[in-house]
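Just so you know, these numbers use all the heavy atoms, side chains as well, and skip hydrogens, waters and symmetry mates.
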Amino acid sequence: MSHLLFFFLVLPLLLESKAKAIEAGDNCSLITHQITGKIGGVINYSSRLGKEQKVAMEMAVEDYFRSSCSKQLTLQLEDSGGDSSRVASATTELIRSKRVQSIIGAMTAQETGLFSEVDMSMKNIPIISLTSPAITPPSMAHQLPYFLQMSNHITLHMQCIVDIVGHFKWRKVTALYEHKNGFSAYSGIITLLSDKLKVVNSEISYHSDLSSLSSISNPEITIEQELIKLRSKSNRVFIVSVSSLELAILLFEKANQMRMMEKDYVWIVTDEIASLLDSVDSSVVNNMQGVIGFKTNFARTRDTFKSFKSRFRNKYGSKYPEEEEYSNPSIFALRAYDATWAIARAMEKSQGKITSKELSGNILSSNFEGLSGTVRFENNVLWQSPSFEIINVVGNSYRVMAVWSPKFGFSQSEEKYNGATANSSLKNLGPVYWPGGMPSTNPRGWAISDADTPLKIGVPAMGAFKQFVRVTFDQTQNATRVTGFTINVFEAVVKRLPYNLPYVLVPFYGTYDEMVEQVYRNGLDAAVGDTEIMADRFQYVEFSQPYVDSGLVMVVTQKAETSHATWMLKTFTKKLWLLMIAMHVFIGLLVWLIERGNNTEFDGIGTMLWFSVTIIFYAHRQPLTSNLSRLVLTPWLFVILIVVASFTASLSSAMTVSRLEPSVLDIETLQRTNAPVGCNGNSFIKPLKLDMLKQHSLWNLMQESSSENTAKVTPKQDLPSSSAVLALYFQRVHLWLLTSRRQPSKL
């Protein structure tokens, strides 16, 4: 009985011990297939990003062991130290000495491609790069067929930047990126960003490639000198792209010390920095007040992530106790975790020894839901439809202003990604806290800088119309003043530019053609004035749209007035007068021939003539006895009524309205009479009319320098009646954006 009681007391203890053994992996003997593989890792142990990736990869191997009982899956890690040469040596060590089957690391495609030319073994092993964003050189698919990138493509990052710049309508930006380890790995970003910015009418005014901290002896002095250079320029919109967190921390610390985190400054950071803001202390956040940026959005509410986050914080805090307070995992830790799982799953698909080609194919065919999202590759790059959180650094942390996706643009939250609520702007998404304090109007993106070389804008000092451009000398201020309607329009346009345009107005004492030539020969950067678009000028410079219409007129003397006695005769033409007289005589003769046999009142030729005169005034006294005579006379009376009314109206008009007639009607008359012709010598009229008046003597073309002087040559006592003055009643006025067609415009 006592033995039976002892058995029942010991049985629960044995079952509990067995359960613990199973949990510890003793049940793995029941698994018929266990994978055997080695995964290599090359990361920077000294960086925050490398520390997170190291912890995440170790956790991935542990979690995979618990789920598959594969004790033979090992992880071999090497420290790159942030140096390309150490990356190459560590990779070679993992491949040749430790016989790893796949590598996960922070190497770029450009670095790996260069190293593979020295060590051909790198081309024959699957490598998953954790660098972000993914940059795919055109030759990568052929040079590195097994190279995969566990990040979104660079074009998605650039599109998000462009949408932010386009929303705030900044026309010029300054781009900063890290020139890592002496490699121009990211220099193509500038070209890509420049092309994207053209869509929103913006451009890169200046770009700076900052060397990585490991490659320079005194990083603080180097960054300070670069910031001094940036501060001397007028542009105030800075985009920090593809930079390590350590470089960004030092950059913003120095920018804050140099008062470049104040009003009118704009700083935009990309995912590589923004996604790590949860992992930095308060001093870093204080130096980044007002910064805006975007970070990769992922599901933080899932149970799998919550469990991972809790375990990650514990493990990270135990390894790096000095950073325990800021031990939250970033998107880069999640991708390192998922990359390790992707390789382990690919190894699991093979029942025996697996080749690099087969392993790479299995990785490329991955399609599972990881912590960072869907893990799937297309063209050797992580295929996802990402969304970015648009953040604004305020206080001790940051606030999420919106969520951006390449398909829907900006939205207030991820749940609102549908055609009805998504939009392409940041309107109504709350105020933006810019550098310098409280939210205010959006910065214009530029400031006046003394270092900018002003453009030399030429103005015609000897223009024809002083109302448009007038150059005077102010003796009280001992300075030259340039005024006029054209100058007012030019200054109003410059004020509306979204960037600073330093310029100085330079009076030009010469002809318009000479000023155009100076612009073409780079003596002047541009010109503003009243001018005309001519075919010969357009071959050398470009013009803006005109805003005043013009016309060429010929001013001639008035034709001598005729005597008042001749007004009546000029009412009708000579032909009409003769026709009227002939018709009166004819009608009188016709009526006389009909009436003379039966009517005694129509005896003699004199009676016929008198009847023709009196009928005009309806004063004829001879009665008509014949119906035929009445039929002939009735239409003529209607004609007389119309003629008398027209005569009265014309005569009244001539007597009440003064009529001015030109003495010269056309150019042909001037050519025929060889009359003197005056014009403004500075305008285009002189060469134009010299070409038209080929038969004119040169001494007959009188030139004057202004419209006032031109008017003085027109009195009648100075010029004969057939003389003329050629002038413009308004020249076609332009804001000359005159630039040499041999070089790009500077405006």
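- Within 6.0 Å of CD on E369 lie more than 12 heavy atoms contributed by other residues, nucleotides or ligands.
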Candidate pair S151 and L382, rule side chain to side chain contact (heavy atoms under 4.5 Å, CB included), full reasoning: CA-CA 5 Å; S151 56; L382 183 65; 5.6 Å; no

Taking it one step at a time, do F377 and Q149 satisfy side chain to side chain contact (heavy atoms under 4.5 Å, CB included)? CA-CA 8 Å; F377 294 93; Q149 299 186 76; over 6 Å; no

Can you list the steps and then say if S243 with I273 is a side chain to side chain contact (heavy atoms under 4.5 Å, CB included)? CA-CA 7 Å; S243 169; I273 302 171; 4.1 Å; yes

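- Considering only heavy atoms from C-beta on, N297 stays 4.5 Å or farther from I331 through its side chain.
- A donor-acceptor pair under 3.5 Å is formed between the side chain of N392 and the backbone N or O of Y433.
- Of the residues listed (L251, L210, L250), the one engaging P219 in a side-chain contact (heavy atoms from CB on, under 4.5 Å) is L250, and it is the only one.
- With respect to the salt-bridge test (charged N to carboxylate O, under 4.0 angstrom), the residues E226 and K229 qualify.
- How far CE of M260 is from CD1 of I228: 9.5 Å, rounded to the nearest 0.5 Å.
- Residue R302 places its CZ atom among more than 12 non-hydrogen atoms of other residues, nucleotides or ligands, all under 6.0 Å distant.
- Without hydrogens or angle criteria, S366 side chain to I363 main chain gives a donor-acceptor distance under 3.5 Å.
- Between W267 and F252, the ring center distance clears the sub-6.0 Å criterion.
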With salt bridge (Lys or Arg N to Asp or Glu O under 4.0 Å) as the criterion, how do E58 and K319 come out once you've worked through the C-alpha distance, each side chain's angles and the decisive distance to 0.1 Å? CA-CA 12 Å; E58 292 174 350; K319 280 182 172 291; 3.7 Å; yes

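- A salt bridge does not link E62 to R311: none of the charged side-chain nitrogens sits closer than 4.0 Å to a carboxylate oxygen.
- For the atom pair N328 CG and K309 NZ, the distance stands at 4.5 Å (nearest 0.5 Å).
- E272 and T270 share a donor-acceptor pair across their side chains, judged by distance under 3.5 Å alone.
- In summary, R66 and D63 engage in a salt bridge, as defined by a charged side-chain N under 4.0 Å from a carboxylate O.
- Applying the salt bridge (Lys or Arg N to Asp or Glu O under 4.0 Å) test to pairs two or more places apart or on separate chains, those with a residue in residues 273-296 are D278-K295.
- For residues 87-109, every residue pair satisfying the salt bridge (Lys or Arg N to Asp or Glu O under 4.0 Å) rule, not counting sequence neighbours, is listed here: E78-K98, R96-D119.
- Qualifying salt bridge (charged side-chain N to carboxylate O under 4.0 Å, His left out) partners for E324, counting only residues two or more places apart in sequence or in other chains: none.
- Rounded to the nearest 0.5 Å, atoms CG (L176) and CD1 (I190) are 8.5 Å apart.
- Listed for the R335 side chain is no donor-acceptor partner under 3.5 Å among the backbone atoms of S132.
- Put simply, the side chain of I268 reaches to within 4.5 Å of the side chain of I164, judged on heavy atoms.
- In this structure, the side chain of E262 does not engage the main chain of G436 through any donor-acceptor pair within 3.5 Å.
- Not a single ring-ring contact (aromatic ring centres under 6.0 Å, His included) links Y45 to another residue, sequence neighbours left out.
- Between T74 atom OG1 and F65 atom CZ the span is 13.0 Å, to the nearest 0.5 Å.
- Between the side chains of D271 and T296, at least one donor-acceptor pair of N or O atoms lies under 3.5 Å.
- Interatomic distance, CG of D338 versus CG of L371, reported as 5.0 Å (0.5 Å rounding).
- In this structure, the side chain of D83 engages the main chain of S85 through a donor-acceptor pair within 3.5 Å.
- The number of heavy atoms from other shown groups lying within 6.0 Å of CG (N218) is above 12.
- For the ring-ring contact (aromatic ring centres under 6.0 Å, His included) test, residues two or more places apart in sequence or in another chain that qualify with F312 are F308, Y316.
- Taking the side chain as every heavy atom from C-beta outward, L49 and N44 never approach each other to under 4.5 Å.
- Nearest heavy atom pair, residue L73 against residue A344, reads CD2-CB, 3.8 Å.
- By the 4.5 Å heavy-atom criterion applied to side chains, N362 and M347 are not counted as neighbours.
- For the atom pair CD (E111) and OG (S129), the distance works out to 8.5 Å, reported to the nearest 0.5 Å.
- In this structure, Y265 and R236 approach most closely via the heavy-atom pair CE2-CD, 3.3 Å.
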For side chain to side chain contact (heavy atoms under 4.5 Å, CB included), just list the numbers for V393 and V285, CA-CA rounded to whole Å, side-chain angles, deciding distance to a tenth of an Å, and then say yes or no. CA-CA 7 Å; V393 179; V285 177; 3.8 Å; yes

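- Side chains of E178 and S244: a donor-acceptor N/O pair is present below 3.5 angstrom, by distance only.
- Applying the ring-ring contact (aromatic ring centres under 6.0 Å, His included) test to F294 and every residue at least two apart in sequence or in another chain returns H157, F388.
- A 4.5 Å side-chain heavy-atom check between Y320 and V55 finds at least one atom pair inside the cut-off.
- There is a side-chain donor-acceptor pair under 3.5 Å between Q159 and D163.
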